[in-house]
Amino acid sequence: MNTLTIVFESIIIGILVGFGVGAGAARMFHAPNVQGMGAFRTFGELNACEGDPVAHFSFGLGFLFNAWASVVGAGGLTQDVDHRIIPNWAAAVLLAKNKNVEETLHDPKKMAIVGAIIGAIVVAVLNSTAAAIPASLQAIATKVLVPAANWLINPIMPIVFWTAAMDAGKRTGVWATALGGLAHLVMGNAVPGLVLGILIGKGVDDSGWNRITKTLVVAVVLLYIFSGFFRAFDVALLHSLNVQVIPQWLIDLHAFFGSVVK
């Protein structure tokens, strides 16, 4: 009875989440004419798959194991479910029948409907299988799957995105390499920088240096500055340069925002 309750509730949650995620991801392709409802990385990752249904499915499948390990070990669904698995699998289903992204991936109505179906299935499967596994096996599964998922996220995913960027052209490859390297240093994972590099490089290739691409570059620069500051990357960089005494004003500035550096 408990399992049926979990499945029923999971289906309802999956439908609601999948509907919103599917529609929101598709609406992002129509910004700024309409308001998008999704994470920036979702938009970038959907673009990186370049309308290939196999790439969308494979990308979502890679994060399924991490999501399943998390729900088994910690009892909670990760952001990978709604940011990566549902939108990419919804896109894969639609693109398998019609390769025109304007009529599939960019269509909020179709993405919402398919996303709701995918969401119901994914959430129900994750929650029901996690609930059916004994506690002793949950601990074993966590020890095995979490390291494997971590290997997928870093370094396998960065390699995949970097290879895609290099295939996309010289300018895209240079931007992705530069921003990916900085992202690895500042954030600990090169994927966000690689995705941003692909967006900037392809944007310049397609549209040139217009207001949109220039605004994107400025936004990326500010993202790196703030991310580096709040992660105390500036202080770590000074230490790596053998600067023994950190300026007091820099220590005070970090303290003003609630972080303690030495």
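Within a 6.0 Å radius of CZ in Phe230, other residues, nucleotides and ligands contribute more than 12 heavy atoms. With a 6.0 Å radius and a threshold of 12 heavy atoms from other residues, nucleotides or ligands, Ile212 has its CD1 atom at or below the threshold. The 12-atom threshold is not exceeded at CZ of Phe19, counting heavy atoms of other residues, nucleotides or ligands nearer than 6.0 Å.
Distance OG1/Thr104 to CE/Met111: 8.5 Å, rounded to 0.5 Å. Taken from CG in Leu199 to CG in Leu194, the straight-line distance is 11.0 Å, to the nearest 0.5 Å. To the nearest 0.5 angstrom, Leu105 atom CG is 8.5 Å from Asn88 atom CG. Within the model, atoms CD1 of Ile118 and CD1 of Ile85 stand 11.0 Å from one another, a figure rounded to the nearest 0.5 Å. Annotation: the span from Leu179 atom CG to Ile200 atom CD1 amounts to 5.0 Å, rounded to 0.5 Å.
Using a 4.5 Å heavy-atom threshold, the side chains of Leu238 and Leu250 count as touching. With contacts defined as side-chain heavy-atom distances shorter than 4.5 Å, the pair Leu95/Asp52 does not qualify. Residues His30 and Pro108 meet the side-chain proximity criterion, which asks for heavy atoms closer than 4.5 Å. The shortest side-chain heavy-atom distance between Asn47 and Ile198 does not fall under the 4.5 Å cut-off. You'll find the side chain of Leu46 reaches within 4.5 Å of the side chain of His56, heavy atoms only. Side-chain contact between Leu182 and Met187: absent, with no pair of heavy atoms (C-beta onward) separated by less than 4.5 Å. Annotation: side chain of His239 is in contact with side chain of Ile246 (closest heavy-atom distance under 4.5 Å). The side-chain heavy atoms of Ile15 and Val123, taken from C-beta on, include no pair separated by under 4.5 Å.
Heavy-atom minimum distance, Thr42 versus Ala25: CG2-CB, 4.5 Å. When all heavy atoms are compared, the tightest approach of Ser10 to Asn127 is OG-ND2, 2.9 Å. Here the closest heavy-atom approach between residue Val204 and residue Thr213 is recorded as N-CG2, 4.0 Å. Nearest heavy atoms, Pro87 versus Val81: CD-O, 4.3 Å. For Ala124 against Ile11, the heavy-atom pair with the smallest separation is CB-CG1, 3.9 Å.
Side-chain N or O atoms of Ser227 include none that pairs as donor or acceptor with a backbone N or O of Tyr224 at under 3.5 Å.
Sequence neighbours left out, the pairs with a member in residues 79-99 that pass salt bridge (Lys or Arg N to Asp or Glu O under 4.0 Å) are Glu45-Arg84, Asp80-Arg84.
Exactly one residue among Phe229, Trp249, Phe233 makes a ring pair (Phe, Tyr, Trp, His ring centres under 6.0 Å) with His254. That residue is Phe229.
In this structure, Phe161 and Phe59 have perpendicular ring planes: the angle between them is above 60°, well past the 30° mark.
Counted by atom type alone, Thr215 and Arg211 present zero donor-acceptor pairs between their side chains at under 3.5 Å.
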